[in-house]
Every structure is written in structure tokens, then in C-alpha cells.
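To start, the structure under review is shown below, and the notes come after it.
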Amino acid sequence: MEADNNEKSLNFIEQIIDKDLLEGKNGSRVHTRFPPEPNGYLHIGHAKSICLNFGLGIKYGGKTNLRFDDTNPTKEEDEYVNSIIEDVKWLGFQWDGDICYTSNYFQQLYDWAVQLIKEGKAYVDDQSAEEISAQRGTPQKPGVESPFRNRPLEENLDLFERMRRGEFANGEKVLRAKVDMASPNMQMRDPVMYRILHASHHRTGDKWCIYPMYDYAHGQSDYIEQITHSICTLEFENHRPLYDWFLDQIATGDRPQQIEFARLNINYTVMSKRKLLELVEGNYVSGWDDPRMPTISGLRRRGYTPESIRNFTDRIGIAKRDNVIEYSLLEFLLREHLNKITKRVMAVLNPLKLTITNYPEGEFEEVELVNNPEDENSASRKLPFGRNIYIEQADFMLNASRKYYRLSVGREVRLKGAYIIKCNDYVADENGEITELLCTYDPETKSGSGISRRVKATLHWVNAEKCIDAEVRLYDRLFTDEDPAGHKEIDFKEFINPDSLKILSNCKLEPSLAEAKAEDKFQFQRLGYFCVDKDSSKEKLVFNRTVSLKDSWAKRK
RNA sequence: UGACCCAUGGUGUAAUGGUAGCACUACAGUUUUUGGUACUGUCAGUCAAGGUUCGAAUCCUUGUGGGUCAACCA
């Protein structure tokens with residue numbers, strides 16, 4: 001038993017696979033697939049599915065396909081295809097073989113549909129969507145059969161062929177599977193297999209004007225690709241009998257099995273492509289990659305690392321019960337990774353002028369700081385120090401309590417990597433705003449000199465003459481409510497956090513940051529992790545706050 | 001008034017008939033030239049009732065609570 005201590009326990013899907021392997025099912029192959037519909041950008045919920053499917057492929061020495069489930073030309077676009085490909089790669093995964101598209105199988109799907117018609121298992125229905133819907137019944141009440149249900153085979157064949165040829169308008173006819181209108185499972189009540197859509201498809205153009213529905217296309221696509229384990233989310237559980245029914249009609253060899261797991265939910269955010277689209281189209285955010293979005297591209301722009309996201313999907317586990325993960329777990333894993341890899345730099349977001357009155361005017365010296373104390377191989381760099389510096393406004397307080405460790409008149413602090421200073425006086429403007437601090441430094445206390453005494457706090461700073469300017473964007477959660485989409489009476493957009501973005505345009509950075517490029521990541525000492533935004537340029541540096549450092553002082557207040 | 005699924009600390013997830021564990025959160029402390037990191041500790045859990053068993057979170061029954069399903073979406 002205790003030999004297993006180092007081994008991670010298996011989730012229920014891995015247990016199923018282990019059993020299948022043991023029984024030699026499907027020739028003991030493992031072949032999964034990630035099947036997004038290209039109708040939006042991927043979000044972190046998809047990351048869970050990506051890591052699961054590709055992870056299983058890797059773990060069992062099997063394969064994983066990337067398949068675009070593109071059966072609805074009215075919603076799908078190449079822009080989405082491209083973003084999905086980029087996101088999967090960025091997360092660190094590589095699919096086997098070529099990228100697959102359900103649209104590649106349109107002809108085969110059509111042929112199988114003809115076969116079903118010939119076997120009397122599918123029929124063309126002339127009724128409107130409303131009529132069909134009315135006949136479907138309710139979960140409690142069985143449906144009634146369509147008047148067209150038993151039309152002759154030849155007529156069905158002819159009509160279906162003419163549907164394909166474009167002789168009918170959208171909605172005029174559908175092809176339905178003949179299953180069971182009285183089934184207690186609504187999915188089995190003669191589901192629609194094909195609908196007429198005179199729309200141009202992003203890949204097949206105008207070749208087709210009838211398109212297969214998800215239920216008819218998905219399992220067959222899995223079968224064509226020799227998928228062994230077709231993993232999807234819980235809402236498809238009721239579809240499984242239908243998934244199997246279609247396979248029963250056509251499959252002769254190995255066949256895939258559908259396994260459902262609980263989708264990811266995270267508090268203080270929304271996780272549906274429809275709602276995210278709404279945020280984008282309503283300009284509530286700047287786009288799919290707005291750093292506040294839970295999209296992969298948004299997280300990337302915000303400064304998340306693929307490692308932290310993969311780690312996250314690993315920690316949350318795979319199970320069947322509904323779950324809401326706390327955002328703090330994601331942030332914990334993010335900080336954990338960023339703490340190891342980022343260079344520490346000094347940046348002052350809300351500058352307050354500080355003059356060291358006993359430091360000679362016009363003189364500078366260099367002080368040395370390690371780039372990352374967490375990394376013993378880390379190099380160090382030199383920073384200019386002088387008479388005039390900036391510190392953070394929040395690091396000075398006029399009437400400071402004993403719990404406040406930072407600067408106040410008469411108190412001492414250390415300037416990180418430099419000297420201990422003492423605040424003697426301050427200057428205020430006509431409004432009482434403090435505009436400048438007057439301090440003296442103790443030349444004996446230079447960092448590394450070995451001469452030191454205990455001070456309560458160490459502050460970050462930049463040299464006022466030799467710093468560079470930048471814009472810094474501070475992000476907070478996009479929603480103020482833990483479950484913005486969970487209120488029946490209130491639209492989720494009502495909960496958008498008005499303070500989710502704060503732009504600081506007068507930030508002062510240490511000069512080494514001048515060359516930073518988009519997506520470069522840093523720890524701004526004592527403040528948090530920041531990355532260069534894609535809006536950044538040599539002329540105007542722009543940083544995003546990825547996540548703040550944990551702040552036990554802020555909590556105490 | 002149907003079918004299917006689910007139920008373990010605040011959150012997530014283990015334990016697969018044999019000592020209820022891990023992580024996050026919260027709180028307290030140690031270390032610290034980041035009020036960070038690291039480390040230590042504390043609080044806190046098997047939905048309920050019956051049954052089977054030497055022994056039940058685990059198996060059975062019933063109940064309770066929650067989720068999904070009535071797109072020509074996926």
C-alpha cells in the first residue's frame with residue numbers, strides 16, 4: 001500500500017482505460033481527440049479538456065487528434081481555427097498526424113445516411129421545426145410520430161438526394177433517424193440528422209447545402225479516426241445512447257466509447273463561449289485576448305505561463321461531480337511558477353519624490369542586485385543610485401501606527417540593495433498632498449558591506465534621473481459576483497467589475513527594462529508579477545500586472 | 001410528473017470492504033535586505049435513515065439535495 005505513496009492515484013477515466021487495456025479492447029490502443037467547434041476562442045475550460053486528452057495520449061503511449069467539429073457553417077470561421085491551433089501549441093501539445101476536420105467526412109457521412117435510409121432507419125420529414133418540436137413531447141410525456149415517418153424508401157432516397165442537390169430552401173425538410181418517439185430519453189425521439197443550410201462553409205465552400213448534426217457526425221467521426229476513448233463533458237451524457245445507436249448502425253470493427261467528465265467552473269468568471277462572445281461584441285472587453293478574459297489568449301496576454309495552466313488542470317482533477325474551483329488556486333500555481341522563473345526588478349507605480357539631502361548633488365554610484373534570489377545560478381545587475389529617487393507613495397505615511405513598518409518622519413528603512421535612510425521631513429503642496437520626502441542616508445550601511453542594523457522594512461526605489469517611464473495596467477477580477485451567470489433574474493453583465501482595469505501612466509522603472517519585449521515577464525519587487533503587453537513599444541512601454549504578490553499587510557489593514 | 005448522472009472540511013480531489021489523506025483558502029508562528037518565497041502549526045469533512053458485514057465513505061434499499069435533457073447549436 002505505502003509503495004503507492006509516490007504514485008498519483010488514477011482518475012476514473014484512467015481506471016477505465018487501464019481496464020480496457022487489460023482486456024485488450026481495441027487492440028489495446030489508446031487514441032483520444034480534442035474536438036473543438038471553431039466558433040470562438042478557447043478558454044481555460046478547454047485547457048482542462050486539452051490537457052486531459054493529450055495527457056492521456058502521452059501517458060499511455062497512444063495518439064491524440066486535433067479535430068475541428070465544423071458542421072455548422074453559419075457560426076464557424078477560419079479566424080477561430082487559427083486561434084485554436086495557436087492555443088493548443090502554446091499550451092505545449094502536438095497532435096498526431098494532420099489536423100482533422102469533421103467536414104472531411106461529409107461524403108462518408110452522407111453515404112452512411114443513405115445506407116440508413118435504405119435500411120429503413122432514417123426518413124425525410126417535411127414538417128417545420130415548430131411542428132417537430134411540438135411532437136417531441138416533454139421529458140414526462142412521450143412524443144408522437146411524424147406523419148412522414150413511414151414514407152416509402154424510394155421517396156426518402158429521392159427526397160434526401162434532392163435536399164443535397166439544393167432543391168429545397170432552408171428548413172423545408174430534414175433527415176431524421178427513426179429511433180423511438182416514446183423513449184424516456186429525449187435524445188432518442190427521432191433526432192434530426194441533417195438540416196438544409198444554404199451557407200458557405202469555411203472549408204467546403206458551397207459544395208454542400210445539407211449539414212450533419214452533432215449527434216450524427218461526432219461518433220461517426222470518432223469511428224473514422226479510430227478513436228478509442230471519446231471524452232466529453234457531462235451534458236452529453238444523455239446523448240450516449242444515441243452515440244451508440246448510430247455506431248450500432250455502421251460500425252464493424254473497433255469502436256469508440258464516449259466517457260463524460262465534469263466541465264471546469266471557476267468562481268468570479270464566466271465560462272461559456274456564448275457569454276465570452278457577448279463580452280467581446282458588446283465591447284465590455286477589448287477583445288478575445290483581453291487580459292481579463294479567461295480565454296487562453298487572454299491568459300497568455302495577461303502573463304500566465306503554459307506550465308501554470310497545465311499544473312492547474314492537473315491539480316483540479318477529473319471527476320463527474322459539478323465543481324467550482326476557486327480562482328485562488330490558479331493564482332497560487334501561477335505565482336509558484338513565476339516565482340521560480342522571473343527576474344526581480346524595481347518599478348515604482350505611484351512615484352513619490354525622495355531627496356537624500358546628505359548625498360552629493362550630481363553624483364551617482366552603482367549598486368548591485370541579484371536577479372533572482374530563488375535561483376542560485378542567477379546573475380546580478382547594477383543599478384544607478386543617487387541623490388534623487390522615487391519610492392512608492394504607499395511606502396510613506398504621516399501618522400503611522402506601530403504596525404506600519406515603512407517610512408514616516410523620524411523612521412528608518414533600507415532601500416533595497418542600497419543604504420539605510422532616515423526620513424527627516426516632508427514637503428506638501430497647498431492641498432496638503434505630500435510631494436517630497438527629505439531624508440538622509442547612512443554611508444556605512446551599503447548593502448553587502450557587512451555593516452547593517454535591523455530595520456523593519458526594505459523599500460524598492462528607482463533613481464529619478466536614470467529611470468524610464470512606462471504605463472502599467474492593473475487588472476482585477478472581471479466580475480464582482482462569485483457566480484455571475486448563476487442568477488436567473490440578473491444578466492451576468494450586471495456584475496462586471498467597474499474597477500477591473502486601472503491604467504497608471506506615470507510609472508518609473510529601472511533602466512534595464514528599456515529593452516523588454518512583449519510577453520517578457522518580471523517580478524516588480526514587492527508589487528507583483530508583470531509582463532510586457534503587445535501594445536508596448538520602444539517609445540511607450542506598457543506592462544500588464546499578471547498577479548500581485550501575496551500581501552499580508554493589505555490583509556491586516 | 002420521466003430518464004440519466006452526482007453527493008467526502010470553505011473549495012477541489014484521494015481512500016475501490018480494513019487508521020478518512022493531499023492541495024488551495026483562512027488563521028497563527030519561524031526565517032527573511034521583497035509585509036514575497038520557504039518552513040512549522042491550527043481550524044475544518046464522509047447528505048440522511050435503514051440494511052448486509054467481524055468491519056461501510058465504499059455494497060444494497062429508501063429518502064433528501066443538486067445537475068442534465070423538450071435547437072433544424074455543439
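In what follows, chains are A, B, ... by sequence order, proteins preceding strands, each numbered from 1.
- Counting non-hydrogen atoms under 4.0 angstrom, K340(A) reaches nothing in the nucleic acid.
- Closest approach to the D551(A) side chain among G35(B), C4(B), G2(B) is made by G35(B) (side chain taken as heavy atoms from C-beta onward).
- Rounded to an integer number of Å, the gap from CD of E14(A) to C1' of U16(B) is 15 Å.
- Taking side-chain N and O atoms only, S552(A) has a distance below 4.0 Å to OP1 or OP2 of G36(B).
- If you take CD1 of I266(A) and C1' of U11(B), they are 12 Å apart, rounded to a whole angstrom.
- Atom pair L330(A):CG and G12(B):P shows a separation of 15 Å (rounding to whole Å applied).
- At a cut-off of 3.5 angstrom, counting only N and O atoms as typed in the model, there is a donor on one side and an acceptor on the other between the side-chain of R414(A) and the base of U33(B).
- Residue R274(A) has no polar side-chain atom (N or O) positioned under 4.0 Å from OP1 or OP2 of C73(B).
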Could you go over nucleotides 25-27 of chain B and give all protein N or O partners under 3.5 Å, atom names and distances?
residue : atom : partner : partner atom : Å
A26(B)  : OP1  : K555(A) : NZ           : 3.1

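- Side-chain nitrogen and oxygen atoms of T458(A) include none within less than 4.0 Å of the OP1 or OP2 phosphate oxygen of U32(B).
- The listed nucleotides are A74(B), C72(B), U34(B); the one nearest the side chain of P373(A) is U34(B).
- Residue K422(A) places its NZ atom among 12 or fewer non-hydrogen atoms of other residues, nucleotides or ligands, all under 6.0 Å distant.
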Quick test: give all pairs of protein nitrogen or oxygen and nucleotides 18-20 of chain B nitrogen or oxygen below 3.5 Å, distance rounded to 0.1 Å.
none

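- With P as the reference atom, C60(B) and U52(B) are 15 Å apart, rounded to whole Å.
- Taking atom CZ of residue F312(A) and atom C1' of nucleotide U13(B), one finds them 13 Å apart after rounding to whole Å.
- Contact detail for K343(A) and S512(A): the closest heavy-atom pair is NZ-OG, 4.3 Å.
- Although no hydrogens or angles enter the test, the distance criterion places no donor-acceptor pair under 3.5 Å between the side chain of H201(A) and the main chain of T71(A).
- No N or O donor and acceptor, one from the side chain of E336(A) and one from the base of U37(B), sit under 3.5 Å apart.
- Glycosidic torsion of A26(B) falls outside 90° of 0, placing the base in anti.
- For the atom pair Y80(A) OH and I85(A) CD1, the distance stands at 15.0 Å (nearest 0.5 Å).
- At a threshold of 4.0 angstrom between heavy atoms, the contacts of V455(A) with the nucleic acid are absent.
- Comparing A14(B) with G9(B), their P atoms sit 13 Å apart, to the nearest whole Å.
- Of the charged side-chain nitrogens involved, at least one lies within less than 4.0 Å of a carboxylate oxygen, so that D126(A) and R151(A) count as a salt-bridged pair.
- Salt bridge present: D190(A) and R149(A) bring a charged side-chain N and a carboxylate O closer than 4.0 Å.
- Donor-acceptor pairing under 3.5 Å, judged by distance alone, is absent between the side chain of N339(A) and the base of U37(B).
- Within 4.0 Å of Q127(A), counting heavy atoms only, lies at least one base atom of the nucleic acid.
- Looking at which nucleotide of RNA chain B each of N185(A) and V192(A) is closest to, the 5′-most match is held by N185(A).
- No donor-acceptor distance shorter than 3.5 angstrom exists from the side chain of E365(A) to the backbone of P384(A), with no hydrogens or angles considered.
- For the C1' atom pair drawn from G55(B) and U1(B), the interatomic distance equals 41 Å after rounding to whole Å.
- Taking the side chain of K416(A) as heavy atoms from C-beta on, and the options G12(B), U33(B), G2(B), the nearest nucleotide is U33(B).
- Taking the side chain of E374(A) as heavy atoms from C-beta on, and the options G36(B), C73(B), C72(B), the nearest nucleotide is G36(B).
- When heavy atoms are screened at a 4.0 angstrom cut-off, E37(A) is found touching the sugar-phosphate backbone but no base atom.
- Nucleic acid contact for G417(A): base, since at least one base atom lies under 4.0 Å from a heavy atom of the residue.
- Whole-Å rounding puts the Y405(A) OH to G35(B) P distance at 10 Å.
- Using C1' as the reference atom, G51(B) and A56(B) are 11 Å apart when rounded to the nearest Å.
- On a pure distance criterion of 3.5 Å, a polar donor-acceptor pair joins the side chain of R344(A) and the base of U34(B).
- Using a 4.0 Å heavy-atom criterion, one finds that G448(A) contacts the bases of the nucleic acid, with or without backbone contacts as well.
- Ranking A3(B), C5(B), G35(B) by closeness to the R526(A) side chain, first place goes to G35(B).
- As a whole-Å value, the separation of Q135(A) CD from A71(B) C1' is 16 Å.
- A donor-acceptor contact closer than 3.5 angstrom links the side chains of E225(A) and Y105(A).
- Comparing the same atom, P, in U25(B) and in U37(B) gives a spacing of 9 Å after rounding to whole Å.
- By the 30° and 60° cut-offs, the orientation of the rings of Y110(A) relative to W208(A) is tilted.
- A close approach under 4.0 Å does not occur between any side-chain nitrogen or oxygen of R315(A) and OP1 or OP2 of G12(B).
- Only one option out of R195(A), R176(A), K173(A) pairs with D125(A) in a salt bridge (Lys or Arg N to Asp or Glu O under 4.0 Å); it is R176(A).
- Between C47(B) and U11(B), the distance separating the two P atoms is 13 Å to the nearest Å.
- Within the nucleic acid shown, T74(A) has no heavy atom closer than 4.0 Å to any nucleic acid atom.
- A salt bridge does not link K75(A) to E37(A): none of the charged side-chain nitrogens sits closer than 4.0 Å to a carboxylate oxygen.
- Rounded to whole Å, the P atom of G63(B) lies 12 Å from the corresponding atom of A3(B).
- Looking only at distances, a side-chain donor or acceptor of H198(A) sits under 3.5 Å from a matching main-chain atom of F168(A).
- Put simply, NE2 on H239(A) is 14 Å from C1' on G67(B), counting in whole angstrom units.
- Between C69(B), U33(B), C72(B), one nucleotide has an atom nearer to the side chain of M186(A) than all others, and that is C69(B).
- If you find the closest nucleotide of RNA chain B to M213(A) and to Y404(A), the one lying nearer the 5' end belongs to Y404(A).
- The aromatic ring of Y214(A) is not stacked on the base of A74(B), since the criterion of ring centres less than 5.5 Å apart with planes inclined by under 30° is not met.
- Between R321(A) and U13(B) there is a side-chain N or O to OP1 or OP2 distance below 4.0 Å.
- On the C1' atoms, C4(B) is 28 Å away from G45(B), given to the nearest whole Å.
- Shortest non-hydrogen contact noted between C439(A) and I421(A) is SG-CD1, 4.2 Å.
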List the steps, then state whether ring pair (Phe, Tyr, Trp, His ring centres under 6.0 Å) holds for F106(A) with Y211(A). CA-CA 8 Å; F106(A) 281 172; Y211(A) 292 91; 5.7 Å; yes
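- Which of C4(B), G12(B), U13(B) sits closest to the side chain of I325(A) comes down to G12(B).
- When the P atom of G67(B) is taken as reference, atom CZ of F261(A) falls 20 Å away, rounded to whole Å.
- Close to U1(B), at under 4.0 Å from its OP1 or OP2, lies no side-chain N or O of T138(A).
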